[in-house]
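Each remark here refers to the structure printed beneath this line.
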Amino acid sequence: LRAAIFFLYPSDMKISVLRERRAGETRVAATPETVKKLVASGHSVTIESGAGTVAGFPDDSFSEAGATLAPDAAAATKGADIVFKVRAPEDGEFSALPDGVALIALMDPSNLDATPLNGKKIAALSMEFTPRITRAQSMDALSSMASIAGYKAALLAATSLGKIFPMLGQTALHLQS
């Protein structure tokens, strides 16, 4: 696998970031800030056009960070060593992935049909399996998404409560009726 080269020569990988196609998905697998860090480390980053738009990152922000823009998924992944996505590819997306690429995403492994991955010899790295330990905390997608969901729940509760919502510095909110 070409991805194995990453561990031997970690500064010259071609990384591709694809646009999410699932209905309701508003996240992107990389931000201009992370792209800037990857480029500074010697990697080349290609972003599929429109990948960050719904997350609030226009194409220009990725270009300014050093990424190359590609018009579609096939062009973005051409020659890629690693592909970043937020969620696992849907059925129609596998054709854009090159054989032997490493795919890093929230793969939902208990519901994943690995047949298309195996057929293209794709090494799938599921972010759900990142160890939930202190050293890996910056990569822990589950805890960060749970934190965001907690904040969003508090905001939704505040907007639908119909009375003043006290600002508390804790996640557990106690209200008296």
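Bear in mind that the values here come from a model prediction, so they are computed numbers and not experimental data.
Listed here is the closest heavy atom pair of Pro32 and Phe57: CD-CD2, 3.3 Å. The two residues Ser63 and Leu69 come nearest to each other via the heavy atoms OG-CD1, 3.3 Å. Considering every non-hydrogen atom in both Ile122 and Pro98, the closest pair reads CG1-O, 4.0 Å. The nearest pair of heavy atoms linking Gly66 to Val39 is O-CG2, 3.8 Å. Closest non-hydrogen pair, Ala51 versus Val28, comes out as O-CG2, 3.3 Å. For the pair Ala80 and Val101, the tightest heavy-atom approach, listed with the atom from each and the gap, is O-CG2, 3.6 Å.
Within the model, atoms CZ of Arg87 and CE of Met107 stand 11.5 Å from one another, a figure rounded to the nearest 0.5 Å.
Under the 3.5 Å distance criterion, the side-chain polar atoms of Arg22 are matched with a main-chain donor or acceptor of Ala88.
Under the 4.5 Å side-chain heavy-atom criterion for ILVMFWY residues, no single connected hydrophobic cluster contains both Ile47 and Val54.
Within 6.0 Å of the NZ atom in Lys36, the count of heavy atoms belonging to other residues, nucleotides or ligands does not exceed 12.
In this structure, Glu20 does not pair ionically with Arg27, as no charged nitrogen and carboxylate oxygen lie closer than 4.0 Å. Using a cut-off of 4.0 Å between Lys/Arg side-chain N and Asp/Glu carboxylate O, Lys85 and Glu93 are scored as salt-bridged.
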> Could you walk me through whether Ser126 and Glu128 pass the side-chain hydrogen bond (donor to acceptor under 3.5 Å, both in side chains) check?
Replying inline: CA-CA 5 Å; Ser126 183; Glu128 293 96 326; 2.3 Å; yes
